[in-house]
Amino acid sequence: MSATSPAAVVVLAAGEGTRMKSKTPKVLHEISGRSLVGHVVAAARELDPQHLVVVVGHASEQVTAHLNAGDAVRTAFQAEQNGTGHAVRMGLEELGGNVDGTVIVVCGDTPLLSGETLGALAATHAADANAVTVLSAEVPDSTGYGRIVRDAATGAVTEIVEHKDATDEQRAIREINSGVFAFDGQLLGDALGKVRTDNSQGEEYLTDVLSILREAGHRVGASVAGDHREILGINNRLQLAEARRLLNERLLERAMLAGVTVVDPSSTLIDATVTYERDAVVHPGTQLLGTTHLAEDSEVGPNSRIENTVVGAGARVDNSVTLSAEVGPGASVGPYAYLRPGTRLGTKAKAGTFVELKKTVVGEGTKVPHLSYVGDATIGDHTNIGAASVFVNYDGVAKHHTTIGSHCRTGADNMFVAPVTVGDGVYTAAGSVITKDVPAGSLAVARGQQRNIEGWVARKRPGSAAAQAAQASPQETDGQS
């Protein structure tokens, strides 16, 4: 922990969010690879707090399960949503009561809030020795927001005035309240015990703590966010889409400043969990999702969906979909390929046009060039799989594995009926259905012998267009009858 690391961060995520008009709790709606509350938790963790607690209420089991799907997050339960002050009390009770040190309170529906801004809030709170520090922002249009009113001489916050209660002079103020605060933990705990519910909603308002502490002679200050858009809360689908756009722009800007070429940022999506190295190139219409990693000199797109995939140095993915896959250094995918979970392409391997691979390991330099399905298979090094091959991995009950060795040349239109093993250096004839193991160095031929029945069309389809064409053809046939 650093000198300004808070003792605790309390995330308020108990509300239902009815304006989302969704069966999904508001804080679980996702943008850029994380839920709304997930973004807030990630930002809070950047502060390295001693304690982190999320206050849950509506759909608490669902929200708690989501939070614990990755690194476990401590939760507090607010059985009845009796206001923000009550929610913070529930959070502190989960931590054992009053907390020594700084307590930061954030809302679970502010996904644009950065760890940097929260860190600046904590630093200002400590430097100014405030009892409370409000995270504020200067906005172009402050209509509808609570105004931050400061003492002209000291800069201290004297009050937060809601728009409906503000004078004309106060309405001209552009600095607004974000609903995010840093508190002295001991003073917060004491003040929460004095918050009243004699208001129109009958709830405990966290903002009442500010006036309670100020009247007790304690200083209330403010820390201004560098970008007012960071404090935006999400209440409906329009705001969700706008937040996604803003966050996507921020993430792409970060990638480009780190050395990634993004040809058309306006048509490119990237998740917060994506990583990359310099000189990677992203073409238009591409989605980079989940835990995807782009290595140096890799190139993806256009029109590709790359999800939870490692794309190796110098590899190329073109007009394709890859899900939980690994594309080795110098390997190529597409166009129009589909790599399903568990697929690993070795160095300089190829999954070509209209190729689908599922749970398949493809060795170094091996090519599956086109029009093939390969499932539940291991293919060795420097092998070529012929066009229109199918690995028949499912018998209607269970999946079975196929193994193809190194330096093999399999014919076009082959079927490999699993379980089957093809040894190193094997050739297979076009049109073969391989149902038995093939020893190393063999040629496997598994197809019926061709027969040409001359005159069949004239006898069986007399007068047809085919018969007329055959009769008019000067070509002579020399097939078997």
Side-chain angles (χ1 to χ4, degrees), residues 6 8-20 25-27 36-37 40-41 43-44 51-60 63 74-95 97-99 102-111 113 118 121 125 130-137 144-148 157 159-165 176-185 187-214 220 222-223 231-235:
V9 175
V10 179
V11 180
L12 307 184
E16 181 177 357
T18 55
R19 282 178 283 176
M20 296 297 288
K26 178 175 73 171
V27 295
L36 300 184
V37 71
V40 176
V41 167
H51 301 288
L52 172 61
V53 61
V54 178
V55 181
V56 299
H58 173 73
S60 60
V63 176
R74 194 169 184 175
T75 58
F77 180 55
Q78 185 185 21
E80 296 182 11
Q81 280 71 70
N82 291 328
T84 51
H86 178 255
V88 173
R89 275 205 299 118
M90 297 300 98
L92 294 182
E93 287 181 11
E94 173 64 26
L95 299 177
N98 289 7
V99 175
T102 298
V103 175
I104 291 180
V105 177
V106 297
C107 302
D109 63 352
T110 53
L113 192 60
L118 289 177
L121 171 66
H125 181 74
N130 293 329
V132 187
T133 306
V134 183
L135 178 64
S136 66
Y145 292 99
R147 309 307 203 279
I148 300 293
V157 175
E159 60 181 327
I160 299 175
V161 182
E162 295 304 319
H163 180 86
K164 65 180 184 299
D165 301 322
I176 65 165
N177 171 34
S178 70
V180 176
F181 306 93
F183 294 95
D184 177 284
L187 295 176
L188 171 63
D190 293 340
L192 284 172
K194 301 174 183 178
V195 172
R196 300 167 62 88
T197 58
D198 53 350
N199 52 63
S200 61
Q201 299 297 319
E203 296 181 348
E204 299 176 30
Y205 293 150
L206 182 61
T207 49
D208 288 352
V209 170
L210 279 67
S211 58
I212 290 170
L213 293 178
R214 190 169 47 248
V220 177
S223 175
I231 70 169
L232 293 176
I234 308 302
N235 293 302

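- Note that the CG atom of Asp165 and the CD atom of Glu159 stand 10.0 Å from one another [nearest 0.5 Å].
- Atoms CE and CD, on Met90 and Gln81 in that order, are 11.5 Å from each other to the nearest 0.5 Å.
- Residue Val88 forms a side chain to side chain contact (heavy atoms under 4.5 Å, CB included) with just one option from Val53, Val209, Val195, Val105, and that option is Val105.
- Once rounded to the nearest 0.5 Å, the distance linking CG of Leu188 with CG of Asn98 reads 7.5 Å.
- Across all non-hydrogen atoms, the minimal contact from Leu92 to Gly189 is CD1-CA, 4.3 Å.
- Within the 4.5 Å cutoff, side-chain heavy atoms of Leu52 are placed close to those of Val11.
- The side-chain heavy atoms of Arg147 and His163, taken from C-beta on, include a pair separated by under 4.5 Å.
- For the atom pair CG of Leu210 and CZ of Phe183, the computed distance is 6.0 Å after rounding to the nearest 0.5 Å.
- When all heavy atoms of Ile234 and Leu36 are compared, the pair lying nearest together is CB-CD1, 3.9 Å.
- Closest non-hydrogen pair, Ser178 versus Leu135, comes out as OG-O, 2.6 Å.
- With contacts defined as side-chain heavy-atom distances shorter than 4.5 Å, the pair Asn235/Lys26 qualifies.
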Where do Leu206 and Leu192 land on the side-chain contact (heavy atoms from CB on, under 4.5 Å) test, with the steps shown first? CA-CA 8 Å; Leu206 182 61; Leu192 284 172; 4.2 Å; yes
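- Judged by distance alone, the side chain of Asn130 and the main-chain N or O of Thr133 form no donor-acceptor pair under 3.5 Å.
- The two atoms that bring Ser136 and Ala222 nearest to each other are OG-CB, 4.0 Å, heavy atoms only.
- Nearest heavy atom pair, residue Gln78 against residue Val55, reads CB-CG1, 3.9 Å.
- Scanning both residues, Ala8 and Leu95, for their nearest heavy atoms gives CB-CD1, 3.8 Å.
- Residues Ile231 and Val180 are not in side-chain contact: their nearest non-hydrogen atoms beyond the backbone lie 4.5 Å or more apart.
- Contact check for Ile148 versus Ile160: side-chain heavy atoms found under the 4.5 Å cut-off.
- The only member of Arg89, Arg196, His86 that meets side-chain hydrogen bond (donor to acceptor under 3.5 Å, both in side chains) when paired with Glu204 is Arg89.
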